[in-house]
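Here the structure comes first, spelled out in structure tokens, and everything after it is commentary.
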Amino acid sequence: MVGTTEAVDSSASNNNKKNRIQVSNTQKPLFFYVNLAKRYMQQYNEVELSALGMAIATVVTIAEILKNNGLAIEKKIMTSTIDMREESGGRPVQKAKIEILLGKSDKFDELMAAAAEEALDNE
């Protein structure tokens, strides 16, 4: 059991995408992803937001919220199309894909500390 866990962990580190968030339109509310991205930036100093198709607008909104609040800076934006199959045995369909790499802003730690202090004051 322990050996299996180590194998999974080592393959994940080889992939180097521990800081990737794959965003869906239907799974979670918008601010779940915003808060998750903040935690990933605290832990890894940057976060990669990824989405397909209709979820692209959600990823752009998350990135803009983080940038407009002074928490993140845009490092890289990658767009592509990928081939997917509709259902099982369906015809191949091309889907748009976006990946946005955000890094911590210079004021990130200061803003997060102020937000944490404000949360404590409100309790």
Side-chain angles (χ1 to χ4, degrees):
M1 185 86 153
V2 173
T4 305
T5 304
E6 288 174 359
V8 169
D9 288 345
S10 67
S11 67
S13 64
N14 289 342
N15 202 4
N16 200 21
K17 294 296 180 186
K18 289 182 180 182
N19 62 336
R20 174 184 282 171
I21 300 173
Q22 293 180 305
V23 176
S24 164
N25 266 357
T26 57
Q27 297 297 320
K28 305 278 183 193
L30 179 71
F31 276 90
F32 167 84
Y33 292 113
V34 171
N35 291 324
L36 184 61
K38 288 179 191 177
R39 278 188 274 158
Y40 275 36
M41 282 194 292
Q42 280 178 318
Q43 194 171 354
Y44 301 110
N45 292 325
E46 60 183 27
V47 64
E48 183 178 300
L49 303 169
S50 174
L52 296 174
M54 300 300 283
I56 289 173
T58 305
V59 162
V60 171
T61 302
I62 294 163
E64 287 301 311
I65 288 169
L66 293 167
K67 286 170 33 187
N68 291 338
N69 287 325
L71 295 168
I73 56 166
E74 196 176 280
K75 286 187 164 184
K76 192 177 193 182
I77 298 176
M78 297 159 284
T79 60
S80 60
T81 54
I82 61 168
D83 290 320
M84 296 186 76
R85 292 221 174 262
E86 282 184 352
E87 319 269 317
S88 58
R91 63 184 183 87
V93 175
Q94 285 201 325
K95 284 244 182 190
K97 179 178 182 178
I98 192 167
E99 294 171 302
I100 301 175
L101 183 64
L102 298 175
K104 276 184 175 181
S105 71
D106 293 339
K107 295 182 180 179
F108 180 87
D109 294 320
E110 181 185 323
L111 292 168
M112 290 298 285
E117 191 175 306
E118 186 177 314
L120 286 174
D121 290 347
N122 290 338
E123 285 182 359

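- Put simply, CE on Met112 and CE on Met41 are 7.5 Å apart, with the number rounded to the nearest 0.5 Å.
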Quiz prompt | Stepwise side-chain contact (heavy atoms from CB on, under 4.5 Å) test for Met84 and Leu52 | solution = CA-CA 11 Å; Met84 296 186 76; Leu52 296 174; 3.9 Å; yes
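- How far NZ of Lys75 is from NZ of Lys104: 10.5 Å, rounded to the nearest 0.5 Å.
- Using a 4.5 Å cut-off on side-chain heavy atoms (C-beta onward), Gln42 and Phe108 make contact.
- Formation of a donor-acceptor pair under 3.5 Å by the Asp83 side chain with backbone atoms of Pro92 is not found in this model.
- The closest donor-acceptor contact from the side chain of Asn25 to the backbone of Met54 lies under 3.5 Å.
- If you chain together hydrophobic residues whose side chains sit under 4.5 Å apart, Leu30 and Leu71 fall into the same group.
- The shortest non-hydrogen separation linking Ser50 to Glu99 is OG-CG, 4.0 Å.
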Exercise. Any chance you could lay out the side-chain contact (heavy atoms from CB on, under 4.5 Å) test for Tyr33 and Leu49, step after step, and finish with the verdict?
Key: CA-CA 9 Å; Tyr33 292 113; Leu49 303 169; 5.9 Å; no
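- Checked options Val59, Thr58, Ile65; the residue passing with Thr61 is Ile65 (criterion: side-chain contact (heavy atoms from CB on, under 4.5 Å)).
- For Asp106, the CG atom sits in a loose shell: 12 or fewer heavy atoms of surrounding residues, nucleotides or ligands are nearer than 6.0 Å.
- Residues Ile73 and Val34 do not share a hydrophobic cluster, clusters being chains of Ile/Leu/Val/Met/Phe/Trp/Tyr side chains in contact below 4.5 Å.
- Nearest heavy-atom pair across Lys38 and Leu66 is CG-CD2, 3.9 Å.
- One hydrophobic cluster holds both Phe32 and Tyr40 under the rule that ILVMFWY side chains link at heavy-atom gaps under 4.5 Å.
- Crowding of Lys95 atom NZ: a count of heavy atoms from other residues, nucleotides or ligands under 6.0 Å not exceeding 12.
- Considering Ile100, Leu101, Leu102 in turn, Leu101 is the only one that fulfils the side-chain contact (heavy atoms from CB on, under 4.5 Å) rule with Lys76.
- Criterion: ILVMFWY side-chain heavy atoms under 4.5 Å apart, direct or through other members. Under it, Ile77 and Val23 are part of a common hydrophobic cluster.
- In terms of hydrophobic clustering, with Ile, Leu, Val, Met, Phe, Trp and Tyr side chains grouped at heavy-atom distances under 4.5 Å, Ile82 and Ile21 are assigned to different clusters.
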